[in-house]
Amino acid sequence: MQITGDMLIGGHAVRGSNPPLLAFNPSTGEDIATPAFGAGNADDVALACELAAAAFDPYRKLPLATRAAFLERIAYGIAALGDALTERAQMETGLPKARLEGERGRTVAQLKLFAQEVRQGLWLTATLDSALPDRKPLPRSDLRLQKIAVGPVAVFGASNFPLAFSVAGGDTAAALAAGCPVVVKAHGAHLGTSEMVGRVIQQAVKAMGLPEGVFSLIVGAGHTVGEALVAHPAIKAVGFTGSRAGGTALMRIAAQRPEPIPVYAEMSSINPVFLLPQALAARAAAIAQGFVDSLVLGAGQFCTNPGLAIAIDSPALAQFVDTATATLAGKPAQTMLTACIHAAYEEGAQRLAQTPGVNALAHGQAESGPNQACAALFVTDAPTFLAQPALEDEVFGPASTLVRCKDEAQLLAVAEHFAGQLTATIQMDNDDLPVAQRLVTILERKAGRLLVNGFPTGVEVTHAMVHGGPFPATSDSRATSVGTSAIERFLRPVCYQDFPAGLLPEALADGNPLELWRRKNGELVRG
Ligand code: NAP
């Protein structure tokens, strides 16, 4: 597939008229000279949004089987791009080939899972409450509920997942599954990869005879395109993964619109890992190795990267430190996604190193090429951590801080101190159960996913997954951006009161023609 540097607006390739952008190879530190990507402006955004608005009703009214087949067609199209896609992504991100192949597999599987979800129809929440004409003192109407799509959705591609959280990633799959047209803002860190995937979606729209506005891909920099997209009246919800500054800026724009809309922003999390005493006594070295492996995975550029370890002082903790130090010393520096992300990491690690009461404990091997991150482990004590809010800020990359506590009370105070997180992890043995129980009661209030005896990196795409959490992990703790429940963000309930048979949506019709599981007068039935 040829990459042209055009935007994809509805069925057309549109050359942006703003100053062009070049893709960048972080491994060499050099721009990729051709093609240049024409950046769009507010008029391009408006055209994409208007086409999306026009596509909304026909798209959401499609038979569920057609919508599911559309998602599957995109999945097969991405798989069919083969090595060309992963090679381009590798050039633009510096991520290793195996990681990108895995991410492609995840992207394809995610689309197929959402296709199954669409067919199954549980998300419709079809609910029927029969009329009670003889009820005294007043009769009750016939009431039927289903969920419908909210409208066109703006998706911001993530820098750290060029496939699984970008053009055809989790947000797009969830929104298309819900019945929402999507306008994607490509992330500047992988423009060519974005165009390749965008063309697959555009071709699927055409091949299935769908309205062209079901999908558009916009390119731009300097926030102008993103701001115009969130402000456009046709857009009814936003999916975003990126910085806290970016996410909160989009939240403000969305809240100030004449019609405010929800922004589902996944922003920053330091994913605390609690190392409980008996677990450390039993297997300090194994925990240290697992922790360091998780810390350096993908150059630490995962939203679930373990940025904090918390433990009570003991000889076993000293063993954890020794093994972590030795393991980290063997970890090579890795190329980060962009020069900006690399600079932000250097600045964040420097800030940690210069914080009074924080000391450098261990580091990985030194950089040997442009934009490489040297992993780092710092140490502080609980009083210092509790007194310095900045130690809770995400340092995006392979840096983590060990917080030493003098006793259980300090460890629980640190847990109580946290803001919202995507994950919280407990390393424990049976004898740690009493403190683990107290921790879980606190951590349930703090994080979207709680893990025992694992490490937080690695997010499965399943029905039970929650990739969310209270602010600042996300803008809305009630939602997940990974897993099939992510569809809920782009749905809203509608109640149909006393509708005649000919006017009822099929999902709510008598006789259950779609053979859905439905809640009928309080009972879950398939009849
Ligand atoms: P970013 O700067 O937030 O940018 C992400 C996207 O949002 C880009 O398309 C950007 O468009 C847009 N955007 C940002 N601020 C905007 C604003 N004020 N108005 C309109 N659009 C805006 O994130 P990034 O480039 O991915 O990485 C920067 C930092 O984000 C990293 O160093 C890291 O700290 C954090 N990050 C966190 C996670 C996580 O999962 N926790 C993931 C990725 C990144 P423009 O190109 O037009 O600015």
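Just so you know, ligand 1 is whichever comes first in the structure, and atom 1 is the first atom listed for that ligand. Position 1 is the first residue of the sequence; numbering continues from there.
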Trainee: Quick one: ring-ring contact (aromatic ring centres under 6.0 Å, His included) pairs with a partner in residues 214-251, sequence neighbours left out?
Mentor: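 Of all non-adjacent pairs touching residues 214-251, those that pass ring-ring contact (aromatic ring centres under 6.0 Å, His included) are F156-F240.
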Trainee: Pick one: which of D31, N371, I32 meets side chain to side chain contact (heavy atoms under 4.5 Å, CB included) with N25?
Mentor: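 Between N25 and the candidates, side chain to side chain contact (heavy atoms under 4.5 Å, CB included) is satisfied uniquely by I32.
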Trainee: Fit a plane to each ring of F302 and F161, take the angle between them on a 0 to 90° scale, and name the class: parallel (under 30°), tilted (30 to 60°) or perpendicular (over 60°).
Mentor: tilted
Trainee: Report each N/O pair between ligand 1 and the protein that falls under 3.5 Å, naming both atoms.
Mentor:
residue: ligand 1; atom: 3 (O); partner: S243; partner atom: N; Å: 2.9
residue: ligand 1; atom: 3 (O); partner: S243; partner atom: OG; Å: 2.6
residue: ligand 1; atom: 9 (O); partner: K185; partner atom: NZ; Å: 2.9
residue: ligand 1; atom: 11 (O); partner: K185; partner atom: NZ; Å: 3.2
residue: ligand 1; atom: 25 (O); partner: H187; partner atom: NE2; Å: 2.9
residue: ligand 1; atom: 26 (O); partner: S159; partner atom: OG; Å: 2.6
residue: ligand 1; atom: 26 (O); partner: H187; partner atom: NE2; Å: 3.3
residue: ligand 1; atom: 30 (O); partner: S243; partner atom: N; Å: 3.3
residue: ligand 1; atom: 40 (O); partner: E266; partner atom: OE2; Å: 3.1
residue: ligand 1; atom: 41 (N); partner: M267; partner atom: O; Å: 2.4
residue: ligand 1; atom: 41 (N); partner: E394; partner atom: OE2; Å: 3.1
residue: ligand 1; atom: 47 (O); partner: G222; partner atom: N; Å: 3.3
residue: ligand 1; atom: 47 (O); partner: H223; partner atom: N; Å: 2.8
residue: ligand 1; atom: 48 (O); partner: H223; partner atom: ND1; Å: 2.7

Trainee: Inspect the surroundings of CD in Q354 and state if more than 12 heavy atoms from other residues, nucleotides or ligands are less than 6.0 Å away.
Mentor: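 Counting neighbours around CD of Q354, more than 12 heavy atoms of other residues, nucleotides or ligands fall under 6.0 Å, so yes.
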Trainee: Can you list every side-chain hydrogen bond (donor to acceptor under 3.5 Å, both in side chains) pair that touches residues 441-450, not counting sequence neighbours?
Mentor: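 Passing the test, one end in residues 441-450: E416-R445.
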Trainee: Under the side-chain contact (heavy atoms from CB on, under 4.5 Å) rule, collect the residues that match up with S243, sequence neighbours excluded.
Mentor: A245
